[in-house]
Amino acid sequence: MACLTHPRRALSTNPLKASAPLGAALAYLGIERAVPLFHGAQGCTAFGMVHLVRHFKEAIPLQTTAMNEITTILGGADQLEQAIENLRKRANPKFIGIASTALTETRGEDVAGELRDILARRKDFAETKVVYAATPDFEGGMQDGWAKAIEALVTALVPETPAPDPDLRQVTLLPGVHVTPAEIEELVRMIRAFGLNPLVLPDISTSLDGHLAEDWSGCSLGGTPVDRIADVTRSACTLAIGEQMRGTAQIIEDKAGVPYRVFPSVTGLKAVDAFVRVLMELSGTQTPPPSIQRDRARLQDAMLDAHFFTGALKVAIGAEPDLMFGLSTTLTQMGAEIVTAVTTTQHSPVIERMPCDEVILGDLGDFERGAKAAGAQILLTNSYGRMAADALHLPLVRVGFPVFDRIGAQDACRVGYRGTRAFLFEIANAVQSVHHTPRPEDFGATPLPEEFSYVPHPASC
């Protein structure tokens, strides 16, 4: 069992974590015709938008209430109401997702109460669904903000009673923030292979997958329709991907009696097998479809090919807890060793289940120092880890958020049988990219004494 340590320092060097409001904004972008709204200063929104745009290479409709010195002191209710009115006039969204920032949370503003008063008074806002999530920057990381946003959304828009007409072929898929658009598509493909109908909440695979629209829109282009969110009560089961989604799945069960299963990981042979067994149970089949069996056989062959490079490989990883756990367990099952693990938040039960002795709640400065001290051979973290990779002369596999110095981050897939196969190839190829110069010690030879070492004559230099 891993223990969590938090180094105490006067400053953070090369921060690893992204803020909770950013995670909430990304979750809201998985809803059709949505506009995420940060309740705070303009700088808070601009900084978050830069990260989202650089990662997805897309226009992001992230908006702000633009609080200033006066509204920060006197309260931002008027700013919030004006922002909602302006968004309705300019973008005509079906959904507005509000996320608080450190500015409003530090002041102690009752945003939830103010929003209730606004919506009760402004009957013209009734056509737009508005949901608020408390996501202070100083509490937790990106996956905490994502989880809080989806919990708030389900609490507000899912009815309290079970559906009168349940659909036994429908399942609700709750992906975590670490699941990319391509990974959602892969999970949806696997679910449909069993004859089941997935309802994805939120679905960034149709809004942030990178596609050209016929016309410009100030809202998200794709995602889960707002009207379909209530249909989670009709599902036969809720499939939560990552421990961060357990709270949302529990809310759905408490409201509508829909059972749920939580999958801490869907990367790696054992983890995907567990996911497939649940799909077999839900679909009532005794054996997986031929396409799934073929994918599993190909993964087994890939494991045989890749184990020459992953065996005894010393790995340093820095990521959100659920992503860190999924990739780490997959690599250790392939014979690798996690020598350094750095994460962003302490609010996750998977941390203590990490296959290493220690997990550091820190930054990429801790990541670089730990990797150097432990003799890591490969680094796994976001694009900001490139400084550590350059300093340590080690290969870097970019995972998590943000990935801004490569294109196609939305198409990275490391889940399911297919995604795990691609991940193992990615690791093996990164290891092979570093060419080792053989030395006598590598072949068990005893080094020559120093007096027999060749020293070039000065005249020959």
Side-chain angles (χ1 to χ4, degrees), residues 23 26-27 29-31 141-151 153-154 170-194 196-209 223-224 229 232 235-253 258-279 281-282 292 319-330 345 347-351 353 399-401 410 412-420 422-423:
L26 187 55
L29 289 170
I31 307 301
M142 192 172 184
Q143 80 168 39
D144 297 304
W146 172 286
K148 289 179 180 179
I150 304 304
E151 289 174 11
L153 192 149
V154 169
Q170 176 179 293
V171 295
T172 300
L173 180 66
L174 300 178
V177 71
H178 62 296
V179 184
T180 68
E183 289 173 341
I184 293 177
E185 290 179 351
E186 176 62 14
L187 295 174
V188 166
R189 184 194 68 83
M190 293 181 67
I191 293 171
R192 286 175 175 166
F194 286 85
L196 301 171
N197 302 316
L199 173 57
V200 185
L201 180 68
D203 189 5
I204 62 172
S205 71
T206 56
S207 60
L208 292 173
D209 57 334
T224 306
I229 295 176
V232 298
S235 296
C237 185
T238 300
L239 306 178
I241 310 300
E243 281 289 343
Q244 61 190 281
M245 302 310 295
R246 183 181 291 274
T248 302
Q250 184 64 58
I251 293 173
I252 296 174
E253 183 182 62
V258 179
Y260 67 87
R261 301 286 185 91
V262 178
F263 300 92
S265 171
V266 280
T267 303
L269 184 63
K270 292 182 179 179
V272 183
D273 281 350
F275 185 69
V276 168
R277 281 195 294 270
V278 171
L279 296 181
E281 177 185 337
L282 293 173
I292 300 297
E320 298 280 340
D322 282 342
L323 178 61
M324 177 182 66
F325 177 77
L327 300 184
S328 297
T329 52
T330 301
T345 174
H347 306 300
S348 178
V350 300
I351 293 177
R353 296 164 54 189
V399 300
F401 180 95
Q410 70 275 11
C413 181
R414 302 182 179 99
V415 303
Y417 294 128
R418 292 183 177 183
T420 302
F423 175 58

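Rounded to the nearest 0.5 angstrom, Q170 CD and L196 CG are separated by 10.0 Å. Taking CD1 of I292 as the reference point, atom CZ of R189 lies at 5.0 Å (rounded to 0.5 Å). Taking CZ from R261 and CG from L282, the interatomic distance works out to 7.0 Å, rounded to the nearest 0.5 Å. The CZ atom of R277 sits 11.0 Å away from the CG atom of L279 when rounded to the nearest 0.5 Å. The CZ atom of F401 sits 4.5 Å away from atom CE of M142, with the distance rounded to the nearest 0.5 Å. Rounding to the nearest 0.5 angstrom, the gap separating the CG atom in L199 from the CD1 atom in I229 is 9.0 Å.
Considering all non-hydrogen atoms of both residues, G30 and I204 come closest at CA-CG2, 3.8 Å. Across every non-hydrogen atom of V266 and V272, the tightest pair is O-CG2, 3.3 Å. Across all their heavy atoms, P202 and I184 have their closest contact at O-CD1, 4.3 Å. When all heavy atoms are compared, the tightest approach of P181 to L208 is CG-O, 3.5 Å. For F263 against F275, the heavy-atom pair with the smallest separation is CE2-CA, 3.6 Å. Considering all non-hydrogen atoms of both residues, Q244 and A147 come closest at O-CB, 3.3 Å.
In this structure a side-chain-to-backbone donor-acceptor pair under 3.5 Å is present from S207 to L29. Within the 3.5 Å criterion, the main-chain N or O of G400 finds no donor-acceptor partner in the side chain of E320. D322 places a side-chain N or O within 3.5 Å of a backbone atom of E243 that can act as its donor or acceptor partner. W146 places no side-chain N or O within donor-acceptor distance of the main-chain N or O of M245, the cut-off being under 3.5 Å. Using a distance-only test at 3.5 Å, with no hydrogens or angles considered, no donor-acceptor pair links the side chain of T172 to the main chain of S235. The backbone N or O of A182 sits nowhere less than 3.5 Å from a side-chain atom of S205 that would complete a donor-acceptor pair. Looking at T267, its side chain never comes within 3.5 Å of a backbone N or O of L327 through a donor-acceptor pair.
A heavy-atom distance below 4.5 Å is found between the side chains of I191 and L239. Side-chain atoms of P264 and R353, non-hydrogen and from C-beta on, do get closer than 4.5 Å to each other. With a 4.5 Å cut-off on side-chain heavy atoms, E253 and T238 do not count as touching. Side-chain contact between P321 and Q143 is present, with at least one heavy-atom pair separated by less than 4.5 Å.
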- T330 and L269: CA distance, side-chain angles, deciding distance, side chain to side chain contact (heavy atoms under 4.5 Å, CB included) verdict: CA-CA 8 Å; T330 301; L269 184 63; over 6 Å; no
- May I have the step-by-step check of side chain to side chain contact (heavy atoms under 4.5 Å, CB included) for I241 and V415, ending in yes or no? CA-CA 10 Å; I241 310 300; V415 303; over 6 Å; no
- Query: Given the rule in the side chain to side chain contact (heavy atoms under 4.5 Å, CB included) test, do R414 and V399 qualify, once you have shown the distances and angles that lead to the verdict?
  - Reply: CA-CA 10 Å; R414 302 182 179 99; V399 300; 3.7 Å; yes
- Query: Could you walk me through whether Y260 and T248 pass the side chain to side chain contact (heavy atoms under 4.5 Å, CB included) check?
  - Reply: CA-CA 10 Å; Y260 67 87; T248 302; over 6 Å; no
